[in-house]
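Taking it in order: structure first as structure tokens, then the write-up.
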Amino acid sequence: MHDITVVALCLSSGFFFCRTCDRPIWSVPMDIAPNIPGRERPDEYRSAFAAIVSPLVAGYVIDLTGNWYLPS
């Protein structure tokens, strides 16, 4: 693939559908600790935030510097 938009959409949809497979795991913490709602898997929120923010930051840095290569 040479179109960056198609590549980004394919990677994003792949991540989305991969993450929908583990939703039954969310029921386990609710069965174990039903008195603590919203604390099931905070790592999910952090990884989703990183997945959203990191391409934006990388794109900004690439636009700012015009360099696609990592520093060596």
Side-chain angles (χ1 to χ4, degrees):
M1 290 256 158
H2 296 290
D3 186 12
I4 194 78
T5 304
V6 174
V7 171
L9 290 173
C10 288
L11 287 173
S12 300
S13 64
F15 180 73
F16 172 77
F17 288 112
C18 177
R19 302 310 292 167
T20 58
C21 297
D22 74 337
R23 294 303 167 219
I25 293 175
W26 285 69
S27 64
V28 173
M30 290 306 292
D31 289 339
I32 294 172
N35 297 333
I36 310 174
R39 298 241 180 191
E40 299 93 17
R41 302 207 20 212
D43 59 318
E44 292 284 333
Y45 306 114
R46 288 190 293 266
S47 65
F49 180 74
I52 293 168
V53 172
S54 61
L56 298 174
V57 171
Y60 175 74
V61 170
I62 291 169
D63 282 344
L64 188 65
T65 63
N67 187 3
W68 283 79
Y69 298 103
L70 292 173
S72 54

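All residue numbers in this chain count up from 1 along the given sequence.
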Given the rule that I, L, V, M, F, W and Y join up when any side-chain heavy atoms are under 4.5 Å apart, are Leu11 and Ile4 in one cluster? no
Tightest non-hydrogen contact, residues Ser13 and Cys10, listed as OG-O, 3.1 Å
How close do Pro55 and Ala50 get, counting heavy atoms only, and between which atoms? CD-O, 4.2 Å
